[in-house]
J.: 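The structure follows.
When a residue number appears, it is its place in the shown sequence, counting from 1. Remember, it's a predicted structure, so these values are computed and weren't measured experimentally. Every number for a ligand or one of its atoms is a count from 1 in the order of the listing.
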Amino acid sequence: MDENASPQAYETKRLERVAEFCPPDQEGDEAFEKIVAMTAAYFDAPIALISIVEAQRQWFRAQVGLDTRETSRDLSFCAHTLTENGLFEVLDAAQDPRFKDSELVCGSPYIRYYASAPLRTADGFNLGSLCIIDTHPRPPMSARDGAMLVNFAELAMMRISGVRSRNFVDQPTGLFNRLRFEEDIRITLLNGKKSLVYCVDVIAPQALNDVVKALGCSFAQDLILAIKARLQTLIPSGRLLYKVSPTRFGFILDEHDAIDSVCQKIIDDFKTPVECQHIPIPMQIGVGVLPVLEASQKDQDWLRLVVSAADAARDQNVGWACYEPQLDAAQQRAFMLLSALHDALTRGHQLSLVYQPKVKLPELTCESVEALIRWNHPTLGVISPAEFIPLAEKTALMQSITFWVLDALVEQARAWAAQGVRLRIAMNVTVNDLQDSRFVDAIEAHIQARRLDPQMLELELTESILMSKPVSVLHELERARRLGLHIAIDDFGTGYSNWAYLRKLPAQTVKLDQSLVRTLETSAQDRRLVKTLIELAKGLNYHVVAEGVENNEILRLITEWGCSQAQGFLIARPLEDKALTTWLANGGFKG
Ligand code: C2E
Ligand code: MG
Ligand code: MG
């Protein structure tokens, strides 16, 4: 501590240390209990306490002879010792003008004698003290006893520091952890230094999980150690490496260190797989960089920000990325939508279904529709499924959406059946819906309980998430197929679709992605591609549906090439149920 610092500055820093070293919600600790018991016995004192002095109160880390766990700071004797650097004694509190009127002296526990030694950090801040209290006055302590009390206090302080540093270490790697990382960023800022915070995301959590499954936990552990060793050679010398999450490391550099050369060195090096027990494991690196420049950033959630930059770098395959506020805005919107979605699913009439007709070619009759979800939020307005479905897919909310859609769609099917409207309804599902049996179980239950004709249901499977359990997905699709449902592969021609994979799925239909169909008129390349895709799919006996049919020329081309159905704005936009029945009653699409 700077000798010249004002009492106020000292107290501010002291309180920071208290928060750091002695967070209030710590569990009981036998070592502290033993220290107070030993102190009370040695000094033959009825009361001994390890007192931590916060802004408004003192609380006891351990105590002997006192029931209460805390008192207000005003009453605290220990609060008078916060700048002491050794023994502090009050021989008779009843005679001492500072304490004689205190309710702890006039009333229980009737303090008369008080002696304490500080719990002092290495950088000179007293967190509180170890003290003994007697209900009778005492003569001054001998020098030997005084030294003994100071020794006991030092012992307590060693334990406090030990617990703190244990909380700061990632045991498997021996590196400092996230808490220490954040702590060090805070200290850098408090010292008025500008710095750059780096986060290296070495491998996608799912990939690490796969390594654990295939090669075991201890291999994964060794792999992380090998990654750590490699990273340590890549960051500027003399800098600490931190382990901030299971797959992420961090470090802090000065503002003037050249970001791109630091990042590029790491990215280039990790192009070579990390060798562990002679097995090379490829890495997927994303480095995030966050400038921490001003004290006003003191309370920011640095780790979240720098991690989002690292994630963005990996997702966009750009190696490294500096944190950008827009990134955070996107994340906050995602968070807001996901929290609002939970509400939308559980109450209110925010969600609804619209239905987009598909017409048979070449007759142009409408026998089926696709159900598409709509979300009208009371304050955010209309939110597109193209925005919220991909977000929900990353969470368990997707399952709730799927079940909500299924229930709504079954209700609609019954209503139409009662009105004599015969339409097959397609619903969109993702591979996640088919990872276990619950979804197809629910369909089966609806079919049995409501005498629903399974022929009137179709599943459009999108493949936006790589299949992690292809066997169960196949099994569930086959079950749905056996129940009598139609199965279509959605968004075909984009993503990961390939023929070998397609052949394994029990689907009768492929839906050409609208992005290919919409551009048919303008792009000769898309024309060749779509024509070939249609020929190949037909060769394998699939029905081919073209979506994104926006004009007559496209309709003419896909009809000529042999598509079985067309869907798109030319035919009809997605319609609410009543608008759809009106559209049908008016003769549907007439070409
Ligand atoms: P999708 O399943 O490929 O649905 C077709 C999307 O293309 C719909 O967008 C539809 O409105 C739009 N569309 C149809 N014809 C045309 C056209 O001619 N031109 C253009 N530009 N667009 C056309 P929407 O309703 O915004 O849905 C977007 C995506 O969200 C859907 O793509 C689907 O993947 C997903 N989605 C919608 N509802 C659900 C749902 O209930 N469950 C799941 N899992 N996904 C859904
Ligand atoms: Mg679809
Ligand atoms: Mg589609």
J.: Decide whether an N or O pair under 3.5 Å exists between I373 and ligand 1.
T.: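 Yes.
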J.: Give a yes or no on whether D513 keeps an N, O or S atom under 2.8 Å from the Mg ion (ligand 3).
T.: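 For D513, the answer is no, given that no N, O or S atom comes within less than 2.8 Å of the Mg ion (ligand 3).
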J.: Note the single closest protein heavy atom to atom 27 (O) of ligand 1, along with its residue, its atom name and the distance in Å.
T.: P385 CG, 3.5 Å
J.: Take every heavy atom of E370, measure it against each atom of ligand 1, and state whether any distance is under 4.0 Å.
T.: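 It does, in that a heavy atom of E370 comes within the 4.0 Å cut-off of ligand 1.
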J.: Evaluate whether atom NZ of K228 has more than 12 neighbouring non-hydrogen atoms of other residues, nucleotides or ligands under 6.0 angstrom away.
T.: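 Yes, the 6.0 Å shell around NZ holds more than 12 heavy atoms from other groups.
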J.: Just let me know how V405 lines up against ligand 1, side chain, backbone, both or neither, with a heavy-atom cut-off below 4.0 Å.
T.: side chain
J.: Would you say E550 contacts ligand 1, with heavy atoms under 4.0 Å as the rule?
T.: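 The answer is yes, since E550 has a heavy atom less than 4.0 Å from ligand 1.
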J.: Between D491 and ligand 1, find which residue part has any heavy-atom pair under 4.0 Å and reply side chain, backbone, both or neither.
T.: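 For D491, only side-chain atoms sit under 4.0 Å from ligand 1.
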J.: Is the number of heavy atoms from other residues, nucleotides or ligands under 6.0 Å of R556 CZ greater than 12?
T.: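 More than 12 within 6.0 Å, yes.
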J.: Side chain, backbone, both or neither: which part of D433 has a heavy atom under 4.0 Å from ligand 1?
T.: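 D433 to ligand 1: no contact under 4.0 Å from either part.
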J.: Output yes when a protein non-hydrogen atom is found under 4.0 Å of atom 29 (C) of ligand 1, and no otherwise.
T.: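 Within 4.0 Å of atom 29 (C) of ligand 1, no protein heavy atoms are found.
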J.: Would you check if the distance from the ring center of W583 to the ring center of Y355 is below 6.0 Å?
T.: no
J.: State the atoms of ligand 1, each with its element, that fall below the 4.0 Å cut-off from a heavy-atom position in M398.
T.: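 Reading through ligand 1 atom by atom, the close ones are 44 (N).
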J.: Give yes if a backbone or side-chain nitrogen or oxygen of T430 is under 3.5 Å from a nitrogen or oxygen of ligand 1, and no if not.
T.: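 Looking only at distances, the answer is no, because the N/O contact criterion of under 3.5 Å is not met.
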J.: Which angle, to 10 degrees, forms at the Mg ion (ligand 2) with OE1 of E460 on one side and OE2 of E370 on the other?
T.: 90°
J.: Do you know which two heavy atoms are closest between K265 and L234, and how far apart they sit?
T.: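 Result for this residue pair: NZ-O, 3.7 Å.
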J.: Looking at V549, which atoms of ligand 1 are within less than 4.0 Å of one of its heavy atoms?
T.: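 The atoms of ligand 1 under 4.0 Å from a heavy atom of V549 are 18 (O).
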J.: Among all the protein's heavy atoms, is there at least one whose distance to atom 32 (O) of ligand 1 comes out below 4.0 Å?
T.: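 No, no protein heavy atom sits under 4.0 Å from atom 32 (O) of ligand 1.
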J.: If you have a sec, work out which protein heavy atom is nearest atom 42 (N) of ligand 1 and how many Å separate them, to one decimal?
T.: N428 O, 3.4 Å
J.: Using a 4.0 Å cutoff against the non-hydrogen atoms of R518, which atoms of ligand 1 qualify?
T.: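 It comes down to these atoms of ligand 1: 19 (N), 20 (C), 21 (N).
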J.: Does a sphere of radius 6.0 Å around CZ in R573 hold more than 12 heavy atoms from other residues, nucleotides or ligands, not counting ones at 6.0 Å or beyond?
T.: no
J.: Check ligand 1 against Q356 and write out every atom of the ligand that is under 4.0 Å from a heavy-atom position of the residue.
T.: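 Those of ligand 1 that fall under 4.0 Å from Q356 are 10 (C), 14 (C), 15 (N).
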J.: Heavy-atom distances under 4.0 Å decide this one: backbone, side chain, both or neither, for E393 against ligand 1?
T.: neither
J.: Check D490 and report its N/O/S atom nearest to the Mg ion (ligand 2), by atom name.
T.: OD2
J.: For atom 16 (C) of ligand 1, what's the nearest protein heavy atom and its distance?
T.: F569 CE2, 3.3 Å
J.: Is a salt bridge present between R518 and D526, judged by a nitrogen-to-oxygen distance below 4.0 Å?
T.: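 Salt bridge flag = no for D526 with R518.
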J.: I need the minimum non-hydrogen distance between A313 and A321, along with the two atoms involved.
T.: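 For A313 versus A321, the nearest heavy atoms are CB-N, 3.7 Å.
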J.: Please report which non-hydrogen protein atom sits nearest to atom 34 (O) of ligand 1, along with the residue it belongs to and the distance in Å to one decimal place.
T.: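 Scanning the protein heavy atoms, the shortest distance from atom 34 (O) of ligand 1 goes to T462 CG2, 4.2 Å.
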J.: Would you call the rings of Y242 and F176 parallel, tilted or perpendicular, taking 30° and 60° as the class edges?
T.: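 Ring orientation of Y242 relative to F176: tilted.
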J.: Could you check whether D268 pairs with K271 (Lys NZ or Arg NE/NH1/NH2 to Asp/Glu carboxylate O, under 4.0 Å)?
T.: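 So D268 pairs with K271 through a salt bridge.
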J.: Looking only at heavy atoms of R374, does any of them come nearer than 4.0 Å to an atom of ligand 1?
T.: yes
J.: Heavy atoms only: give me the nearest L341-A392 pair and the separation to one decimal.
T.: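 Here L341 and A392 meet closest at CD2-CB, 3.9 Å.
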J.: Which heavy atom of C263 sits nearest a heavy atom of V287, and at what distance?
T.: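 Shortest heavy-atom separation between C263 and V287 comes out as SG-CG1, 3.9 Å.
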J.: Keeping N428 on the side-chain end and L372 on the backbone end, is there a donor-acceptor pair under 3.5 Å?
T.: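 Flag not set: sc N428 to bb L372 has no pair under 3.5 Å.
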J.: Is E182 salt-bridged to R186, cutoff N-O under 4.0 Å?
T.: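 So E182 does not pair with R186 through a salt bridge.
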J.: One thing to verify: whether R482 and E444 come together as a salt bridge, which I'm taking to mean a side-chain N less than 4.0 angstrom from a carboxylate O.
T.: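 Looking at R482 together with E444, the answer is no, because their closest N to O distance does not fall below 4.0 Å.
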J.: I'd like to know whether CZ of R333 has more than 12 heavy-atom contacts from other residues, nucleotides or ligands below 6.0 angstrom.
T.: yes
J.: Suppose we measure from atom 8 (C) of ligand 1 to each protein heavy atom; which comes out shortest, and what is that distance?
T.: L372 CD1, 3.8 Å
J.: Is there a protein heavy atom at a distance of less than 4.0 Å from atom 25 (O) of ligand 1?
T.: yes
J.: Quick check: does T462 have an N/O/S atom under 2.8 Å of the Mg ion (ligand 2)?
T.: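 Given the 2.8 Å cut-off, T462 does not count as a ligand of the Mg ion (ligand 2).
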J.: With heavy-atom distances below 4.0 Å as the criterion, list the atoms of ligand 1 near P574.
T.: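 Every atom of ligand 1 under 4.0 Å from some heavy atom of P574: 11 (O).
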J.: Using a 4.0 Å cutoff against the non-hydrogen atoms of E547, which atoms of ligand 1 qualify?
T.: 3 (O), 5 (C)
J.: What protein heavy atom is closest to atom 6 (C) of ligand 1, reported as residue, atom name and distance in Å?
T.: Q514 NE2, 3.4 Å
J.: Can you tell me which N/O/S atom of D491 has the shortest distance to the Mg ion (ligand 3)?
T.: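 This turns out to be OD1.
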